[in-house]
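Notes for the one structure printed next.
Numbering of ligands and ligand atoms starts at 1, following listing order.
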Amino acid sequence: MVYLRKVLAPVAGVYLYATLVSSYAIANPGLSNLQHVFSKPDRGIVDTVLDGFDHTRVLSPSVDDLVPKGLEQWIQQQRKTSWKFLLENIAPNGSNAKGAAPGTVIASPSRESPNYYYQWVRDAAITMADVIEEYAVTGDAQLKEIIEQYANLQGILQNTFNPSGGYTTGGLGEPKFHVDGAPFTEHWGRPQRDGPALRTLALIKYVRTLNQTEPSGIDKDWLMRLYDSKFPTHSIIKADLEYISNAWNLTGFDLWEEVDDLHFYTAMVQHKALVEGQGLAITLDDSAAAHWYESQQFKLRRFIQTSFWSQKKGHLRAFLNTPYRSGLDSALLLASLHAGQNDLFPPWSDEILASLAVLVADNAERYPINKRAPPYHAEGRLRGVGVGRYPEDRYDGVGLSEGNPWFLCTSTVSNIMYKTISQFLKQGFFDITATNLAFFSRLHPHGHAVKGRYTSENPEYQTYLIDMFKYADSFLNVIRWHATREGRLSEQFNKYSGTQRGARDLTWSYGSFTSAVDDRVLAKKALLRAITV
Ligand code: NOJ
Ligand code: NOJ
């Protein structure tokens, strides 16, 4: 048995989270009888209109003023449904993944047009991070089994020779595998260097969680399999950290699998992996590795800080040397969500909020469905829209024609704002600056936010945060409108008609929705506390 004292500190967040979520659940019992709210043949235009936010400035707001009832109930129900559908895509017990190697997360059960019946390293790791967070809250033994099967399988995949290479020759950057773990040998955009970082982030999160849930210690052999403090290493986390620390300055394909370049998303998740990896190495007395990860982490941080912001464009750019694309991309928001640090592009940073505002403004015009009202909330100012991957996108979910809004990109916009609300409430102020002015102007009743510091004594402080919450919710409301009655989410929804497009039951669509809702729980609780005192 070994103790992991030094990794304890960052886990405090998990506890806090668990407490908040469970107290929230108690306050919101039994949702099963809400099903009728959604069984409306015409997708409830009337219902949605009646749900429209009351935009008169509330003097003493209460829960009811904050969220229209129908929406709140739908969000609660869809959180549960999404979780159920997500688990159906994980082997061996998931009904859509029968026969796949235990621990496999299929991207989608769709086997043709498009064939997504594979395990992508990225989708799997992002999903597993959600499973680990759920395990931290519930302690559910079945989830633990899934996580350990996933970890085992990743160890096998790392050692599977594939078109990107072998264990120490680049193979860790391979983006996808067959569901039985066999290498995928067709032509593809490879390597994709975010995969090892996302995988290691998920597994380090698991080590920390275990340290909490099993404070008496962790099985030593199992820990060695994850991180062995040796060089050369034969352990899963350290192999990924070695890959990242030696290859972060090389180009590769982006998370959308299309562009060979250096990418903001990839660099951000690699950076966070090195930060977390350094912490783990220190804890496990691997000081040589800790120094090495630290040295590379500093270089990578400097590279990120100096390379991606464009003052001229007023937003971050997703990559460096791809001149035929603007660089505006929802990958910027995903990067911040998955890997933002307090001092490195967190969700509430000026640059991320600025990028969000530019992306949303673009997509509001770009996708015809976004101009329809209703079903969306009638008033323009706080009306969410469907959000796609990036403006120049042509992937329609099966082939190349015209790009559409994606469920996971739309959830991500909400999620950035929920995290921002929690942070601003925690620090007791926020600053409106030249950089984030457009974002705040969107929330301002007359579209003219005024620069300056807003502290909690200022009435506008609350009003902005309440409106930000409503605005964030209205992106979830877009998802509500395009979800099936049963709560199913594919990859995209058609930009003209709103009907679902691309791979059905996309695991990542479900995961991004549940993550957004979990952060919403925290933001809402903090906001209600702040406005009722
Ligand atoms: C499939 C990839 O997964 C997707 O990201 C890409 O846009 C299309 N192929 C078109 O290249
Ligand atoms: C296409 C997306 O662009 C990519 O990010 C994802 O990994 C695969 N589909 C599988 O969902």
Side-chain angles (χ1 to χ4, degrees), residues 82 85-86 88-90 96-97 100 104-130 157 164 173-179 184 186-199 202 252-261 263-266 268-269 318-319 322 324-325 329-335 337-339 387-412 488-493 495 500-513 515:
S82 296
F85 290 152
L86 177 145
E88 284 180 1
N89 290 351
I90 305 178
N96 290 327
T104 299
V105 181
I106 59 166
S108 148
S110 175
R111 295 192 194 210
E112 55 181 346
S113 302
N115 186 356
Y116 271 40
Y117 194 65
Y118 293 99
Q119 164 148 264
W120 267 264
V121 175
R122 167 183 38 262
D123 297 43
I126 292 170
T127 305
M128 209 41 63
D130 295 335
L157 296 184
S164 294
E174 180 67 4
K176 77 186 218 189
F177 291 84
H178 287 284
V179 302
F184 171 76
E186 287 165 43
H187 176 77
W188 206 251
R190 59 168 68 88
Q192 295 177 17
R193 302 185 193 278
D194 56 332
L198 293 166
R199 174 167 55 207
F253 281 81
D254 64 323
L255 80 168
W256 310 133
E257 318 190 279
E258 297 170 330
V259 174
D260 187 9
D261 201 339
H263 308 279
F264 184 74
Y265 180 83
T266 307
M268 285 284 284
V269 295
F319 33 66
T322 305
Y324 58 89
R325 291 248 311 257
D329 199 310
S330 58
L332 300 165
L333 310 183
L334 281 159
L337 207 54
H338 294 165
V387 177
R389 295 195 295 183
Y390 56 89
E392 305 86 349
D393 197 0
R394 291 182 50 220
Y395 178 54
D396 61 18
V398 182
L400 293 182
S401 65
E402 296 183 304
N404 294 306
W406 283 41
F407 287 108
L408 77 91
C409 302
T410 307
S411 301
T412 295
R488 296 198 179 270
L489 305 175
S490 68
E491 183 182 72
Q492 325 183 359
F493 43 100
K495 68 171 178 176
Q500 298 203 4
R501 285 284 181 270
R504 73 183 167 93
D505 290 306
L506 189 80
T507 316
W508 194 358
S509 294
Y510 294 129
S512 63
F513 184 85
S515 304

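- In this structure, the side chain of Gln192 does not engage the main chain of Leu255 through any donor-acceptor pair within 3.5 Å.
- If you number the atoms of ligand 2 from 1 as listed, the ones under 4.0 Å from a heavy atom of Trp508 come out as 5 (O).
- Listed by atom number, the atoms of ligand 1 under 4.0 Å from Glu257 heavy atoms are 2 (C), 3 (O), 5 (O).
- At least one donor-acceptor pair under 3.5 Å links the side chain of Tyr510 to the backbone N or O of Leu489.
- Residue Arg122 has at least one N or O atom closer than 3.5 Å to an N or O atom of ligand 2.
- Using modelled atom types, no side-chain atom of Arg501 and backbone atom of Asn404 make a donor-acceptor pair closer than 3.5 Å.
- No donor-acceptor pair under 3.5 Å is formed between the side chain of Asp329 and the backbone N or O of Leu332.
- Any N or O atom pair closer than 3.5 Å counts here, and Arg389 shares at least one such pair with ligand 1.
- Contact annotation: for Trp256 versus ligand 2, heavy atoms closer than 4.0 Å belong to both the backbone and the side chain.
- Annotation: cation-pi pair Arg325/Tyr390 present, NZ/CZ under 6.0 Å from the ring centroid and within 45° of its normal.
- The shortest N/O to N/O separation between Tyr116 and ligand 1 does not fall below 3.5 Å.
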TODO: List the steps and the verdict of side chain to side chain donor-acceptor pair (under 3.5 Å) for Trp120 and Glu257.
DONE: CA-CA 11 Å; Trp120 267 264; Glu257 318 190 279; 2.7 Å; yes
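- Protein heavy atom at the shortest distance from atom 8 (C) of ligand 1 is Tyr395 CD1, 3.5 Å.
- In Leu255, the part holding a heavy atom less than 4.0 Å from any atom of ligand 2 is the backbone.
- Listed by number with element, the atoms of ligand 2 under 4.0 Å from a non-hydrogen atom of Asp123 are 6 (C), 7 (O), 10 (C), 11 (O).
- Between the side chain of Asp130 and the main chain of Ser515, no donor-acceptor pair closer than 3.5 Å is present.
- Of all atoms in ligand 1, numbered sequentially from 1 with element shown, those under 4.0 Å from a heavy atom of Glu258 are 6 (C), 7 (O).
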